[in-house]
Amino acid sequence: MRFSNLFGKTARQMPAETESISHQLLLKSGMIAQEAAGIYSYLPLGWKVLQRIEAVVRDEMNKAGGQEVLLPALQPFSLWEKTGRNVSFGESLFCLTDRKKHKLVLGPTHEEVVINLVRRYVQSYRDLPVLLYQLQTKFRDELRPRGGLLRVREFIMKDLYSFDTSEEGLAQNYERMTQAYKNLYASLGLPVLMVEADSGAIGGKDSHEFIVITDNGEDEVIHCPQCNYAANVEKAHSFKEESIKTPPLPLQEIATPEVKTIEEVAEYVGVPARQTLKSVFYIADGEFIFVVIRGDTNINETKLKNVLQCSTFKMATEAEVVRAGLVSGSASPIGIKKLKIVGDSSIASGTNFVTGANKQGYHFQNANCPRDFQVDLLKDIALAQAGDNCPFCKGKLLSCHGIEVGHIFKLGTSLSEKLGAFFQGEDGSPYPIVMGCYGIGIGRLLASVVEKHHDDKGIIWPSSISPYQVHFCPLHINDPEISSIANKIYKDLQENNVTVLFDDREESPGVKFNDADLLGIPLRLTLSPRTLQKQEIEIKWRTQKQASTLPLQDYVKELKALLKENTNDTAL
RNA sequence: CGGGGUGUGGCGCAGGGGUAGCGCGCAUGGUUUGGGACCAUGAGGUCGGAGGUUCAAAUCCUCUCACCCCGACCA
């Protein structure tokens, strides 16, 4: 490719109004362009990289036994009603109506469609297992798109669906896909952490995420450095500091003027925060929910939402709290009769808690569950935090942030049953197909690679996905001799199947070198009067400061040897 | 959905009642060329949108839209 013909321009200044480094570099290098919030165009270079990532992903999916298909983005709404996921996806589902007034959705994922397809072709256990996958555009009306390609509303996803006759078969495919994912991240030079995850709107049982650890990642991971337990914070379990257990004392009301927060209450009464109870209020599917948890811990809203099995969920506003007859700052479950109360397990493990008296300026001391109050549900709804103890080895848990670059689910049979996907077993009876699904956001993968592989000058592509193998920079290209040799080299490289970006522009060396660094192609070739005089060509790796030279007569052979040697060297 | 911020040539910004200016980029010509060269000439916007105030609005007021960032938080 001649640089002079390349569509898209590199910018001198970083684009304004951007925060994440991948967003900045991808815009600055002219690889992507924004159209609207969370909606991007890929320009030729960015698209080339994306396609190379797709090739790596395809390769691994094929090796794992996947067969590629292409399912429709436009899907009947009625399919979503059958699984009920029109409700769980809620507002993030893009809905539209056709001219015949039929409701359609722009697919945010493809379980419904793929099951509906598979059920027509799978009748017998002999037809299973089968693994289908696609690379397809997904549409999700995200709450807040952010970070350039990191969270968008339209994106290409690789989604694979496994169909098995049994849980054992599913487990095998789950394991196979796990390995395929690990291989693919390694090819891309991405270090990932596999963590236990909440299955969210997709539904299902077991679920794992693959996380690239970076500070500006949206997801929080709790992990144990001792035993390698790792889970998304939404899912993570932990051991908190032991509750205080003393013989129950009589409930006692005390005046606590001007005392509101847990810290203030604990200090005023003279007990540690873990001997207080915190009351928090939510509205779930329109119902007011009273949640009570130990004062030193926080509520994991994902766990709470799962416990409540609701589809809409939010914190109650001050007005709603007042309307429920509660006193902010002094609320407690004691004496609450008409509201649904959810308690965290932590409240049953201790005694003599301090909690509100449901009266402005007063608290209770020595509250005990179930003596003084009862809860409708007692579950683990606590947020695991750094510093808590590991649930397996009691080591101190750590927390870090990361980008979710893959998510796999053991779906089981619930969607199959809802959509009528059954097979006939050896015994002649019908069984629901056992399903798994496995997703990777390709654009997010691209952004993650940039987040991990860049320096202050620009992107550093791993050779496995670089848009070109070589960036060729002839200097003084208006010199006829340089120009003719440069063109010959360009031709030579192409004839030798080396992909090359040929900077044939009449730009100064600084411009060319800076653009080369920004674009991040791993190998740079430079031809100039200086190198020509010695009958040499300069060669420099993007990752290295120093350049070296190759003899002009024989450079192609040596270059190809170097490329071959380094092609697998993606674990940077 | 709440909070904060920003909208002025392709990009980055300044201007803050008297109908727009800088840098980069772009075009033409010339001189340059190993880490974002220089000179000259030139093209390109009517200031996110709508309404209002005013003799006069990019500038003041009202509404609205878009984009960015934070939070979806313990009462």
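No experiment lies behind these values; they were computed from the predicted model shown. We use all heavy atoms of the structure for the numbers below, so side chains are in, but hydrogens, waters and symmetry mates are not. Order of the sequence lines fixes the chain letters, A, B, ..., with proteins taken first and strands second; residue numbering starts at 1 for each chain.
- Taking atom CG on A:Asn358 and atom P on B:A75, their separation rounds to 14 Å, with Å as the unit.
- Nucleotides B:C60 and B:G16 are separated by 10 Å at their P atoms, to the nearest Å.
- The aromatic ring centroids of A:Phe290 and A:Phe281 lie less than 6.0 Å from each other.
- Each of A:Lys240, A:Arg274, A:Lys396 was evaluated against A:Asp388; a single residue qualifies, A:Lys240, per the salt bridge (Lys or Arg N to Asp or Glu O under 4.0 Å) test.
- The gap from the C1' atom of B:A14 to that of B:A58 amounts to 12 Å, rounded to the nearest Å.
- Each of B:C67, B:G34, B:U32 was ranked by its minimum atom distance to the side chain of A:Asn478; first place goes to B:U32.
- Here the separation of B:A57 from B:U8, taken at their C1' atoms, is 14 Å to the nearest Å.
- Side-chain proximity of A:Tyr40 to B:C69, B:C68, B:G35: nearest is B:C68.
- If you take NZ of A:Lys303 and P of B:C73, they are 19 Å apart, rounded to a whole angstrom.
- In the set B:U33, B:C68, B:A75, B:U33 carries the atom at the smallest distance from any side-chain atom of A:Ser508.
- With B:G25, B:U33, B:C69 as the choices, the nucleotide that has an atom nearest any side-chain atom of A:Arg12 turns out to be B:G25.
- Looking at the side chain of A:Gln13, the nearest of the listed nucleotides B:G36, B:C11, B:G34 is B:C11.
- A straight line from CG of A:Leu43 to C1' of B:G10 spans 13 Å, rounded to a whole angstrom.
- The side chain of A:Gln34 sits closest to B:C67 out of B:G36, B:C74, B:C67.
- Distance noted for atom C1' between B:G36 and B:U6: 28 Å (whole Å).
- Looking at the side chain of A:Arg530, the nearest of the listed nucleotides B:C69, B:G34, B:G36 is B:G34.
- Here the separation of B:C73 from B:C67, taken at their P atoms, is 23 Å to the nearest Å.
- If you check distances only, the side chain of A:Arg144 never reaches the base of B:G3 with a donor-acceptor pair under 3.5 Å.
- Rounded to whole Å, atom C1' of B:C74 lies 11 Å from atom CD1 of A:Ile381.
- Checked by distance alone, A:Glu538 brings a side-chain donor or acceptor within 3.5 Å of a matching partner on the base of B:G34.
- Distance check on atom C1': B:A50 versus B:C65 gives 10 Å, rounded to whole Å.
- Comparing the P positions of B:C11 and B:G45 gives an interatomic distance of 14 Å, to the nearest angstrom.
- When rounded to the nearest whole Å, the span between CE of A:Met315 and P of B:A72 equals 11 Å.
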